[in-house]
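Structure, as structure tokens:
Sequence lines set the chain letters: A, B, ... in the order given, protein chains first and strands last, and positions in each chain run from 1. Hydrogens, waters and symmetry mates play no part in the numbers below; they use all other heavy atoms, side chains included.
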Protein chains: 2
Amino acid sequence: MDLNELKAIQLAELFSALSDASRVRLISLLIEDEMSVSKLAARLKMTESAVSHQLRGLRQLHLVRARRSGRQVFYSIDDDHVSRLFTLGLDHVRHG
Amino acid sequence: MDLNELKAIQLAELFSALSDASRVRLISLLIEDEMSVSKLAARLKMTESAVSHQLRGLRQLHLVRARRSGRQVFYSIDDDHVSRLFTLGLDHVRHG
DNA sequence: TTAATATATGATTACTTGTTCAACTATTCA
DNA sequence: TGAATAGTTGAACAAGTAATCATATATTAA
């Protein structure tokens, strides 16, 4: 299974999305339910700016999706694989 | 599913292992079969030093295991979750 | 229209990470 | 023993990344 460079880069990008503790917690919240930027910021104890920057990267990878309602923007998971990767990873951490 | 900080960090560390294209290719080779450092270096077109540095990190996470035979050291995958994460990620990249 | 709220963005800065280079250890073979 | 091969390690440097701050945009309400 010697990957070509393109696929290796794409895979690395996907896993990079989960390679930071803040993003991991952010995604764990979104797996439960959609959530606005400000609520995410409050739950994660991060500034809204920092959260927004992270969400931007995740959006570009099509891992989360945005929905505006009034002045709030609600984010949710945009890809089933993410939740499955997350669960599998958690498995490893728990009894690995 | 609001993770505590420790689990979030551990998860992030796990995914970090696959967050670089060189490591992704390295692991894809080891998923096939165990391989010596020099052969890995040749296949990946990296120096043995660079490969060794990467393997060190993966070893510390208990994702790969080393076995010495003469002057060579053969590395192999030390955790089933890795292969499964890898396959699931590949799924996403292919038809995501 | 003005003010207030919610989010996004660009620039800067501090930190992290991957590679290289040189030096070192371990093993085999002559 | 000495030379050659295989791998490891630490330091240094370059490139990448996450947070912050200030500013900008969008939406609502007064």
Side-chain angles (χ1 to χ4, degrees), chain A residues 3 5 8-30 33-76 78, chain B residues 3 5 8-30 33-76 78:
Chain A
L3 297 178
E5 190 60 16
I9 290 171
Q10 291 176 320
L11 257 183
E13 275 174 355
L14 170 63
F15 288 113
S16 295
L18 292 158
S19 71
D20 169 84
S22 302
R23 273 194 305 275
V24 163
R25 294 193 59 222
L26 193 159
I27 288 175
S28 83
L29 290 172
L30 294 186
D33 196 7
E34 66 170 13
M35 200 173 287
S36 68
V37 176
S38 49
K39 186 154 186 193
L40 280 168
R43 294 285 293 274
L44 299 168
K45 291 188 180 116
M46 291 170 65
T47 66
E48 304 186 3
S49 177
V51 171
S52 188
H53 275 297
Q54 294 292 8
L55 286 166
R56 183 191 205 187
L58 296 173
R59 238 188 298 130
Q60 283 169 349
L61 286 171
H62 302 102
L63 300 183
V64 302
R65 153 183 56 218
R67 163 180 88 78
R68 183 178 273 277
S69 167
R71 357 185 186 200
Q72 304 189 82
V73 177
F74 289 89
Y75 279 85
S76 56
D78 190 23
Chain B
L3 297 178
E5 191 60 16
I9 289 171
Q10 292 175 319
L11 256 183
E13 275 173 354
L14 170 62
F15 288 115
S16 295
L18 291 157
S19 70
D20 168 83
S22 301
R23 274 195 303 276
V24 163
R25 296 193 57 220
L26 192 160
I27 289 174
S28 83
L29 289 173
L30 294 186
D33 197 8
E34 67 169 13
M35 200 174 286
S36 69
V37 177
S38 50
K39 186 154 186 192
L40 280 168
R43 294 284 294 272
L44 298 168
K45 291 191 181 113
M46 291 169 68
T47 65
E48 304 187 5
S49 176
V51 171
S52 188
H53 274 297
Q54 296 292 9
L55 287 167
R56 185 193 203 185
L58 296 173
R59 236 188 299 129
Q60 283 169 348
L61 287 171
H62 302 103
L63 301 183
V64 302
R65 154 184 55 220
R67 163 179 87 77
R68 184 178 272 279
S69 167
R71 353 183 188 200
Q72 304 189 83
V73 176
F74 289 89
Y75 278 85
S76 55
D78 191 23

For A:F15 and D:dT17, what is the distance between atoms CZ and C1' respectively, to the nearest whole Å?
-> 20 Å
What pair of heavy atoms forms the shortest contact from A:A17 to A:L58, and how long is it?
-> CB-CD2, 3.8 Å
For A:Q54 and for A:G70, find the nucleotide of DNA chain D with the closest heavy atom, then tell me which residue's nucleotide is more 5'.
-> A:Q54
How close do A:V73 and A:A66 get, heavy atom to heavy atom, and via which atoms?
-> CG1-CB, 3.7 Å
Let me know the distance between CE of B:M35 and P of D:dG7, rounded to the nearest Å.
-> 12 Å
Are A:L18 and B:L11 close enough that some pair of their side-chain heavy atoms sits under 4.5 Å apart?
-> no
Contact class for A:S52 (heavy atom, under 4.0 Å): base, sugar-phosphate, or nothing?
-> base
Non-hydrogen side-chain atoms of A:I9 and B:V24 separated by less than 4.5 Å = no
Give the rounded distance in Å between these two atoms: CD1 of A:I9 and P of D:dG16.
-> 12 Å
Could you please spell out the steps behind the side chain to side chain contact (heavy atoms under 4.5 Å, CB included) verdict for A:M46 and A:L26?
-> CA-CA 10 Å; A:M46 291 170 65; A:L26 193 159; 5.9 Å; no
Give B:F74 one of three labels, base, sugar-phosphate or nothing, depending on what nucleic acid heavy atoms sit under 4.0 Å from its own.
-> nothing
Atom OH of B:Y75 and atom P of D:dA6: how far apart are they, to the nearest Å?
-> 15 Å
B:E48 CD to D:dG10 C1', straight-line distance once rounded to whole Å = 18 Å
Contact state string [nucleotides 21-26 of chain D, B base, S sugar-phosphate only, - no protein heavy atom under 4.0 Å] | BB----
Between A:S19 and B:S19, which heavy-atom pair has the shortest distance, and what is it?
-> CB-CB, 4.0 Å
Considering non-hydrogen atoms only, spot the tightest contact between A:V64 and A:D78 and give its length.
-> C-CB, 3.5 Å
5' to 3' on DNA chain C, which nucleotides open and close the contacts with chain B (atom under 4.0 Å from a heavy atom)?
-> C:dG18 to C:dC29
Residue pairs, two or more places apart or on separate chains, that pass salt bridge (charged side-chain N to carboxylate O under 4.0 Å, His left out) and touch residues 47-59 of chain B = none
Per atom distances to the B:Q72 side chain, the nearest of D:dG7, D:dT8, D:dG10 is D:dG7
Looking only at heavy atoms, what is the nearest atom pair of A:R25 and B:A8, with distance?
-> CG-CB, 3.4 Å
How long is the line joining CE of A:M46 and P of D:dT20, in whole Å?
-> 7 Å
From CZ of A:R56 across to P of D:dT17 the rounded distance in Å is 14 Å
